[in-house]
2 protein chains.
Amino acid sequence: MTDIALPHPHPHDPADLVGLLHARGQRATPQRLVILRELRRRAHHATADEIRHSVRSALPGTSTPTVYAALDLLVELGLARRIDTGAGAALYDARTEPHQHTVCRRCGRVDDLDCELDTQPLRDAADGAGFSATAIETVISGLCADCAAATGEMARA
Amino acid sequence: MTDIALPHPHPHDPADLVGLLHARGQRATPQRLVILRELRRRAHHATADEIRHSVRSALPGTSTPTVYAALDLLVELGLARRIDTGAGAALYDARTEPHQHTVCRRCGRVDDLDCELDTQPLRDAADGAGFSATAIETVISGLCADCAAATGEMARA
DNA sequence: CTGGATGCAAACTCTTTGCATGCAT
DNA sequence: ATGCATGCAAAGAGTTTGCATCCAG
């Protein structure tokens, strides 16, 4: 890890998490710190189970419920997002900056889509309905490039 | 509802479904026709199980797998959408016109949000990545009006 | 110390699969 | 007649709950 002076949106410094937890009267456990660091280390979203396997060396014996609890807490603290694709397990992502996800309904592949999408109208509309929005997730379903090609070949045959 | 001559997007006529099925070499079974009609009769989205209960009088003994199969087929035919809120069962909705959904993370309530949202940039971005998009679902998470009020009261106490 | 957090196991919900039967075409 | 669709049961995946133990503050 050679973070020099980049204005990285995710400083691999858990100090912010410790502060947020203490401000809420909650504990900065090794599980929470390691899980956040692992989530940030990854370039992409990951499932709870993938995270659990990744932290096994640093935190032997970490249980599934603990991983879910830690990830859900990170979401609540605004340090992560949860993406429900409807295809398999939920994904957790430390990239909190706005972006969308494509989900291939054939192979289940999920990719980031960085699209400038103005969600202000959504926030305004939700607010107008008395709804306090904390997260907006947009999921695009369809076929990934590979599966679209494969389907085309099948139709041709 | 007094449909007079409105260009309603959902004519309660199953003829279109019969045609679509036959064009694919598939059968127009009573289950499929009734399930589509029930989904259209409702003003709001519904879970597979809610649909199953609603059609029980018209189709006694209809099984859960059949309901899921029929609903997923309707989605594939473009006559319905599936919304994965991540809170409980998936929702199926015959309102195919673009709209979004708010999900209360406290009580699970789901409401429509009719917001003019330009998804063309998303479709373009997906297309540029070689992804063939067939559906775009936007889910806003947060607290509904009632739960926000209740939470506020709790904080005050 | 003390209450919040963990680990374990088990329960639970939602959804899909396998297979024999049935019915739309 | 043909084979797609159904019903039933059962499995499966993912997530949550209950409770005893543990440890961060």
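Chain letters run A, B, ... following the sequence lines, proteins first, then strands; residues in each count from 1. What's counted below: heavy atoms across the whole structure, side chains too, no hydrogens, waters or symmetry copies.
- For C/dC23, the OP1/OP2 oxygens have no side-chain nitrogen or oxygen of B/Q31 closer than 4.0 Å.
- Nucleic acid contact for A/A70: none, since no nucleic acid atom lies under 4.0 Å from a heavy atom of the residue.
- In this structure, CG of B/L73 is placed 8 Å from P of D/dA5, rounded to the nearest angstrom.
- Atom CG of B/L71 is separated from atom P of D/dA5 by 15 Å (rounded to the nearest Å).
- Distances shown here put every side-chain N or O of A/T66 at or beyond 4.0 Å from the OP1 or OP2 atom of C/dT6.
- OP1 or OP2 of C/dG3 has not a single side-chain nitrogen or oxygen of A/Q26 nearer than 4.0 Å.
- In this structure, CG in A/L91 is found 10.5 Å from CD1 in A/I51, a value given to the nearest 0.5 Å.
- Atom CG of B/L59 is separated from atom P of D/dG7 by 8 Å (rounded to the nearest Å).
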Side chain to side chain donor-acceptor pair (under 3.5 Å) between B/T134 and A/S141, worked out:
CA-CA 6 Å; B/T134 55; A/S141 303; 5.8 Å; no
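- Among the protein residues, A/A28 comes within range of the sugar-phosphate backbone only, with heavy atoms under 4.0 Å from sugar or phosphate atoms but none that close to a base.
- Put simply, B/R32 has a side-chain N or O that comes within less than 4.0 Å of OP1 or OP2 on D/dA5.
- Among the heavy atoms of the strands lying under 4.0 Å from B/T62 are primed sugar atoms or P, OP1, OP2 only; no base atom is included.
- In this structure, NE2 of A/H53 is placed 12 Å from P of D/dG14, rounded to the nearest angstrom.
- Taking 4.0 Å as the cut-off between side-chain N and carboxylate O, A/D114 and A/R95 count as a salt-bridged pair.
- B/R40 and B/D93 are not joined by a salt bridge, as no carboxylate oxygen comes within less than 4.0 angstrom of a charged side-chain nitrogen.
- Comparing B/H22 and A/L21, the nucleotide of DNA chain C nearest to each residue sits closer to the 5' end for A/L21.
- What separates CG of A/L20 from P of C/dG4 is a distance of 19 Å, to the nearest Å.
- Within the 4.0 Å cut-off from OP1 or OP2 of C/dT6, at least one side-chain nitrogen or oxygen of A/T29 is found.
- Under 3.5 Å, the side chain of A/R27 and the base of D/dG25 form no donor-acceptor pair of N or O atoms.
- For the pairing with A/E76, the salt bridge (Lys or Arg N to Asp or Glu O under 4.0 Å) check across A/R82, A/R32, A/R24 returns one residue only, A/R24.
- Along DNA chain C, the nucleotide nearest to B/P65 and the one nearest to A/G61 differ in position, and the one closer to the 5' end is contacted by A/G61.
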Please walk me through it: do B/R81 and B/H99 pass side chain to side chain donor-acceptor pair (under 3.5 Å)?
CA-CA 11 Å; B/R81 319 158 51 168; B/H99 66 279; 2.9 Å; yes
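- The separation between A/R105 atom CZ and C/dT16 atom C1' is 18 Å, rounded to whole Å.
- Going from atom OH of B/Y68 over to atom C1' of D/dG12 covers 14 Å, rounded to whole Å.
- Heavy atoms of A/R24 sit nowhere under 4.0 angstrom from any nucleic acid atom.
- A straight line from CG of A/L33 to P of D/dA24 spans 10 Å, rounded to a whole angstrom.
- When each of B/A69 and A/D84 is assigned the nucleotide of DNA chain D with its nearest heavy atom, B/A69 is the one assigned upstream, toward the 5' end.
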